[in-house]
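Written below as structure tokens is the structure these notes are about.
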Amino acid sequence: MIRGADPGPVSGVRELYFDTLQRAAPRETLAFPVRIIDIDEASLEAIGQWPWPRDVVAEMTDALRDLGAAVIVFDVLFAEPDRLSISNLLRDPEIRRAAEEGGLTDQLKARDNDVLFARSLASTQTVLGIADAGDAGRAPPAPRAGFAEVGDAPGASLLELRSATPIVPVLEDAATGLGSINFSPRAEDSVVREVPLVWRGANGQVSSLALEALRLAMGESTVVLFGVPGTPGVTSIGLGPYDVPTTSSGQMRVYFRPNDTIEYVSAADLFDPDLALDLFPKVEGHIVFVGTSAAGLLDIRSTPLGERVPGVSIHAQIVEQILAERYLIRSDLTAGLEVLALTATGLVITAGLAFAGPIVATVAGGVAAAAVALGGWIAFVQNGILFDVTFPLFGGFLVFGSLAALQYIVSDRERRLIRRSFSKYVSSDILREIERAGHQLRLGGESRDVTVMFSDIRNFTPLSETMRPDELVSLLNTLFTDLTEDILSQKGTIDKYIGDSIMAFWNAPLEIEGHRRAACLAALNMRSTLAAFNAPREQAGLPVIGVSIGLASGAASVGNIGSAARYNYSVIGDTVNVAARIESTTRRAAYDILVTQNVADAAPDLALLPAGYLSLKGVSARSQTFILVGDAGVAARDDFRELRAGHALLTAAITSGDPIDAQLARCRELAEQIGAGLPAFYAALPARADDFRQSG
């Protein structure tokens, strides 16, 4: 359907691709008997502004004739009588009367510039140009060539030349041939790609300037329009031994060579007798086009090679291309092969997506696209066939995109299920990482080194007895919302809520650098959040809420745990049990945040103090623990540094059985300054001497 409609964007991309082919492999430079006489800036400077007097143009024509030009072709218009002609003097009544009285009228008319130019035109083979004048001109002149048609009236499909610029009658009669200088029925500022070789006029067909020049040079009298019986349109145009393939409207696609390889001769050189010997081999036996490259004369065109060239060079290149028989061919068969290539590419992509997934489909589609592109390039280089690879390539891309979108829609349900499952348990940053690296995420039993947190509301049972169930639920939801945010902000994963407890872990489902330290920071943030939560309650005379936190780190199994119908993403293993036991022993340590040794070792910059070797339920050996006092800012304070040193002396005295009163008093004094629950910790310390004497 798209191929049949051929909308502007599709045809535009196709033409840009064909232009790219020409730029990559332009027509080779060969020597042909074609030359350009250039009315360039130097000529205008030497002879004067254009238009030149016709006697000057006649002198240039005679010079080209004498140099042996086979055909002289003018890519300029002579639509009006020469305004500089001597005969214009006769328009003055007094001069005309004086001339008549003196018998000079005939002599003056004989010296008319147009008459002089007409004599020069008639003395050799010449072609004058006509141009499409829209609705302002006259009917195109009768053709000088004969036209024959083979097929179902192919001439009826030619582009119409409705009217043409007039030619001064004396010049029109003197010229051997007439040809259209137009390159396209469309805007003249577009890229010149296809040029009509023959137009349909009111008085018969009109040759292009290039075709008419070649006809005269070959001595041919007839141009043949070939078509296919039963099918309207032109297939080719015959001229002598040459059969030029065209579009159905008689247009030939020009195969350009670089403009800098075309030899120009400045028109000024024709007026220099000293250059005659040099010009003779360049002109003798050549089809000579006369045109202009001067920017002010506005005959500059764009080509597929990306060049801005004089229009006369395009006419010359058309003649060269026909002589070289290097044509660019684009037929209905080529268009059919493009559709077939699209179908094959689409089938390859569809099979790849259906049976092997997007990666294989992408590779297979890429191979198919490369094969199509290579085939198109070989067809162009070897045979000049314009195979539009953009149609199957972009079509294949659309097929891939459509099928991939369908697959995405079908599989998106699973992705949304994963998002819903994890959005309540992990931070938005981690969730984005999960989605970005989804194929690397392994669910269902992966061994990981994790940090596990258990947090529990202290004295929850007495608190619940003083509140209605709906009030209790509201309080828990509000508190858990804030505490959960503290965990997620440090890239933790919420495992579950167990009554008044929260279980979380770090380093799964994605690896997190420094996960032990991140868990410590989350615990400190939870302490600050709890203090802010309790402030208004304390002012209102309500009981404050305490939270105990235990952190442990080690190997655990992480994945989907449960039944085939219902499961949760969770972590299990001895590390989980240790974290739960550590949290339960915070009451014995009389401190709210307790961590294991490997957690403390991973955060040496934080404010940590040894809390002794605690006996954990279900664990035979005692575990060394530490209390988490504060962050790196607290650890850097002078009073905490002094406390750390004093705490070391105190625990050493306890271990050795020495008196501890002095060291304990100093530690209590510093604890009062620092706060963070330390006074209660040191108040309970004397009763826990055994925790520092036994190391398991």
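In what follows, residues are counted from 1 in the order of the sequence shown.
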Check step by step if side chain to side chain contact (heavy atoms under 4.5 Å, CB included) holds for Thr303 and Gln317. CA-CA 11 Å; Thr303 73; Gln317 292 224 37; over 6 Å; no
Could you go through Ser293 and Asp38, starting from their C-alpha distance and side-chain angles, then the distance that decides it, and tell me whether this counts as side-chain hydrogen bond (donor to acceptor under 3.5 Å, both in side chains)? CA-CA 6 Å; Ser293 66; Asp38 187 11; 2.6 Å; yes
Please step through ring pair (Phe, Tyr, Trp, His ring centres under 6.0 Å) for the pair Phe117 and Phe78, ending with a clear verdict. CA-CA 11 Å; Phe117 184 31; Phe78 301 103; 5.1 Å; yes
Kindly determine whether Val312 and Ile181 satisfy side chain to side chain contact (heavy atoms under 4.5 Å, CB included), including the steps that lead there. CA-CA 9 Å; Val312 65; Ile181 67 174; over 6 Å; no
Could you walk me through whether Glu325 and Val244 pass the side chain to side chain contact (heavy atoms under 4.5 Å, CB included) test, one step at a time? CA-CA 8 Å; Glu325 296 186 272; Val244 184; over 6 Å; no
Take Glu149 and Gln205, measure what side chain to side chain contact (heavy atoms under 4.5 Å, CB included) needs, and give me the verdict at the end. CA-CA 11 Å; Glu149 299 186 18; Gln205 283 87 359; 3.1 Å; yes
Take Arg138 and Ser163 through the side-chain hydrogen bond (donor to acceptor under 3.5 Å, both in side chains) test and state the conclusion after the steps. CA-CA 5 Å; Arg138 64 173 191 176; Ser163 65; over 6 Å; no
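With no hydrogens or angles considered, a side-chain donor-acceptor pair links Arg308 and Ser302 at under 3.5 Å. Checking Ser43 against Ser266 by side-chain atom types alone, a donor-acceptor pair falls below 3.5 Å. With no hydrogens or angles considered, a side-chain donor-acceptor pair links Asn259 and Tyr264 at under 3.5 Å. At a cut-off of 3.5 Å, with distance as the only test, no side-chain donor of Thr390 or Arg14 sits close to an acceptor on the other residue. Using modelled atom types, one finds a donor on one side chain and an acceptor on the other under 3.5 Å when comparing Ser236 with Asp243.
A donor-acceptor contact shorter than 3.5 Å links the side chain of Asp152 to the backbone of Gly230. Formation of a donor-acceptor pair under 3.5 Å by the Thr176 side chain with backbone atoms of Thr126 is found in this model. Side-chain atoms of Thr20 come within 3.5 Å of backbone N or O of Leu16 as a donor-acceptor pair. Gln321 contributes a side-chain N or O that, together with a main-chain N or O of Arg326, makes up a donor-acceptor pair within less than 3.5 Å. Between the side chain of Ser207 and the main chain of Leu211, no donor-acceptor pair closer than 3.5 Å is present. The backbone N or O of Gly233 lies less than 3.5 Å from a partner atom in the side chain of Ser157, making a donor-acceptor pair. Checked by atom type and distance alone, the side chain of Thr235 pairs as donor or acceptor with a backbone atom of Phe226 at under 3.5 Å. Not one N or O on the side chain of Glu80 forms a donor-acceptor pair closer than 3.5 Å with the backbone of Val168. Although no hydrogens or angles enter the test, the distance criterion places a donor-acceptor pair under 3.5 Å between the side chain of Thr165 and the main chain of Ala131. Side chain of Thr292 to main chain of Ile39: a donor-acceptor pair is present (N/O by atom type, distance under 3.5 Å, no hydrogens or angles).
Side-chain contact between Val195 and Gln251: absent, with no pair of heavy atoms (C-beta onward) separated by less than 4.5 Å. Side-chain contact between Leu197 and Thr246 is present, with heavy atoms from C-beta onward closer than 4.5 Å. Residues Ile36 and Ser313 meet the side-chain proximity criterion, which asks for heavy atoms closer than 4.5 Å. Looking at Ile237 and Tyr242, their side chains never come closer than 4.5 Å, going by heavy atoms from C-beta outward. Between Arg200 and Leu159, every side-chain heavy-atom pair lies at or beyond the 4.5 Å cut-off. Within the 4.5 Å cutoff, the side chain of Glu172 has no heavy atoms near those of the Pro166 side chain. The side-chain heavy atoms of Leu270 and Leu64, taken from C-beta on, include a pair separated by under 4.5 Å. Within the 4.5 Å cutoff, side-chain heavy atoms of Ile167 are placed close to those of Leu178.
The pair Arg215-Glu220 does not count as a salt bridge, with every side-chain nitrogen at least 4.0 angstrom from each carboxylate oxygen. Look at Lys282 and Glu263 and you find a salt bridge, because one of the NZ, NE, NH1 or NH2 atoms lies within 4.0 Å of a carboxylate O, short of that distance. Salt-bridge check for Arg54 with Asp112: failed, with every basic side-chain N at 4.0 Å or more from each acidic carboxylate O. The existence of a salt bridge linking Glu320 and Arg27 is confirmed by a sub-4.0 Å separation between a basic side-chain nitrogen and an acidic carboxylate oxygen. Salt-bridge formation is not detected for the pair Glu212/Arg144: no Lys NZ or Arg NE/NH1/NH2 atom is positioned less than 4.0 Å from an Asp or Glu carboxylate oxygen. No salt bridge links Arg330 with Glu15; every basic N to acidic carboxylate O contact stays at or beyond 4.0 Å.
Shown here for Pro53 and Asn113, the closest heavy-atom pair between the two residues is CB-ND2, 4.1 Å. Closest heavy-atom contact between Ile322 and Tyr327: O-OH, 3.5 Å. Taking all atoms of both residues into account, the shortest heavy-atom contact from Phe289 to Ala316 is CE1-CA, 3.9 Å. Shown here for Val234 and Pro154, the closest heavy-atom pair between the two residues is CG2-O, 3.4 Å. Of all heavy-atom pairs between Pro141 and Ile130, the closest is CD-CD1, 3.9 Å. Closest approach of Leu225 and Gly155 over heavy atoms only: CD1-CA, 3.9 Å.
If you take CD1 on Ile318 and CG on Leu209, they are separated by 9.0 Å, rounding to the nearest 0.5 Å. One distance of note links CD of Glu160 with CG of Asp132; it measures 9.0 Å at 0.5 Å rounding. Residue Leu116 holds its CG atom at 5.5 Å from CZ of Arg119, rounded to the nearest 0.5 Å. Taken from CG in Leu337 to CG in Asp332, the straight-line distance is 11.0 Å, to the nearest 0.5 Å. The OG1 atom of Thr343 sits 6.5 Å away from the CG atom of Leu347 when rounded to the nearest 0.5 Å. Separation of atoms OG1 (Thr61) and CG (Asp66) is listed at 10.5 Å; rounding is to 0.5 Å.
Note on ring orientation: taking the six-membered ring where Trp is involved, the planes of Trp52 and Phe271 are perpendicular (angle over 60°, cut-offs 30° and 60°).
More than 12 non-hydrogen atoms from other residues, nucleotides or ligands lie less than 6.0 angstrom from CD of Glu28.
Under the 6.0 Å cut-off for aromatic ring centres, Phe380 and Tyr255 qualify, their centroids lying closer than that. A distance of 6.0 Å or more separates the ring centres of Phe32 and His286.
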